[in-house]
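Have a look at the structure below before the remarks.
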Amino acid sequence: MFTYNPKSHFLNNKVILVTGAGDGIGKEAALSYARFGATVILLGKTVKKLEAVYDQIIKDGGAEPAIVPLDLAGATPSHYAGLAGSIEQQFSRLDGLLHNASILRDLGPFIHITQEDWQAVMQVNVTSQFNLTQALLPLLKKPKSSSLIFTTSSVGLKARAYWGAYAISKFATQGMMELLADEYDNSGIKINCINPGGTRTSMRAKAYPAEDNSLLKTPADIMSYYLYLMDADNCVEHGNTLHAQA
Ligand code: NAP
């Protein structure tokens with residue numbers, strides 16, 4: 001597995017927003033970025049979980065994070081515009097955005113995907129990323145270099161039966177990343193996708209309830225690519241999909 005050992009404070013003075021920062025991989029990414037010096041904006045649905053991450057960052061001696069409680073299922077373009085305004089006011093720029101939050105909903109045959117599941121998955125996994133990216137691109141353009149990371153999945157690169165709306169949403173994510181990378185070629189914004197691979201989280205447990213999860217990598221085990229892709233000054237990737245467990 002790829003390992004990345006950047007300088008201990010390579011994210012000093014960088015402002016990084018992580019979606020789904022309260023749990024699973026997003027929580028670990030937020031803690032890791034803070035550990036390397038970043039001021040992290042913790043966006044997520046469950047305030048208690050965000051507060052626990054906030055407390056952990058402070059306990060670890062990190063820069064004071066910001067908490068953004070936002071349910072991506074109900075958020076509208078005006079919420080994202082408001083968020084962009086607040087970040088502009090407080091930090092005047094953004095150095096990194098990790099799109100990590102996603103939902104799975106029920107897995108099963110295509111013909112049984114309900115309207116409700118389809119709408120919910122597309123809203124949280126695709127539309128929210130579209131809106132958040134549109135709102136935050138002007139701030140990501142401000143620093144000399146910045147990083148925009150999307151999260152995909154193996155089933156969003158080669159579809160697999162019964163993975164339903166989730167798999168289709170990840171193809172859309174991949175498309176959004178590729179389109180943006182082409183539009184922002186040579187712009188200073190590094191735009192890539194990361195595929196975590198099977199990782200010990202609640203989402204994985206929902207998809208594979210019977211597996212022995214002690215055999216899976218933990219979010220902490222797969223942080224190297226999350227750090228590397230966020231290191232916009234040194235990362236040479238743009239428009240690519242990196243596999244954290246390759
Ligand atoms: P997870 O443990 O289920 O965590 C998902 C995070 O997203 C949680 O913090 C959750 O917040 C947040 N979230 C969900 N719905 C939201 C909403 N409506 N509004 C705001 N935040 C919301 O998932 P994970 O396994 O860490 O997955 C992280 C990313 O990796 C996802 O994009 C997933 O598709 C991808 N991925 C994971 C695996 C794997 O094996 N784990 C494999 C391939 C790809 P709450 O806890 O407050 O609901």
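Only a predicted model underlies this, so the values are computations on that prediction, with no experimental measurement involved. Start at 1 and go down the list; that is how both ligands and their atoms are numbered.
Comparing heavy-atom distances from atom 8 (C) of ligand 1 across Val53, Thr46, Asp23 singles out Asp23 as nearest. Comparing heavy-atom distances from atom 29 (C) of ligand 1 across Leu43, Asn100, Ile103 singles out Asn100 as nearest. Scanning Gly197, Ala244, Gly26 for the heavy atom closest to atom 42 (C) of ligand 1 points to Gly197. Among Asn195, Leu104, Leu42, Thr152, the residue whose heavy atom lies nearest to atom 44 (C) of ligand 1 is Thr152. The closest non-hydrogen atom to atom 35 (C) of ligand 1, taken over Asn213, Ile222, Thr151, comes from Thr151. The closest heavy-atom contact to atom 7 (O) of ligand 1, among the options Ala101, Ser202, Ser169, comes from Ala101.
With 3.5 Å as the limit, one finds no donor-acceptor pair spanning the side chains of Asn131 and Ser128. Counted by atom type alone, His99 and Thr173 present zero donor-acceptor pairs between their side chains at under 3.5 Å. Checking Ser78 against Thr76 by side-chain atom types alone, a donor-acceptor pair falls below 3.5 Å. Gln56 and Asp60 share a side-chain donor-acceptor pair at under 3.5 Å.
Residue Ile25 touches ligand 1 through backbone and side chain together, judged by heavy-atom distances below 4.0 Å. Residue-level proximity to ligand 1 for Arg200 is absent, since no heavy atom of it falls below 4.0 angstrom. Contacts between Leu70 and ligand 1 below 4.0 angstrom, taking non-hydrogen atoms only, involve the backbone exclusively. Under 4.0 Å from ligand 1, the heavy atoms of Pro196 that appear belong solely to its side chain.
When hydrogens are left out, the protein atom nearest atom 23 (O) of ligand 1 is Met203 CB, 3.5 Å; that is the closest non-hydrogen contact.
The shortest separation from a heavy atom of Ser128 to ligand 1 is not under 4.0 Å, leaving the residue out of contact.
When only interatomic distances are considered, the shortest N/O to N/O separation between Gly20 and ligand 1 falls below 3.5 Å. The shortest N or O to N or O distance between Tyr166 and ligand 1 is under 3.5 Å. At least one N or O atom of Leu72, backbone or side chain, sits closer than 3.5 Å to an N or O atom of ligand 1. Residue Ser153 has no nitrogen or oxygen atom sitting less than 3.5 Å from a nitrogen or oxygen atom of ligand 1, judged on distance alone.
Close approach to Gly24 involves these atoms of ligand 1, each under 4.0 Å from a residue heavy atom: 2 (O), 26 (O).
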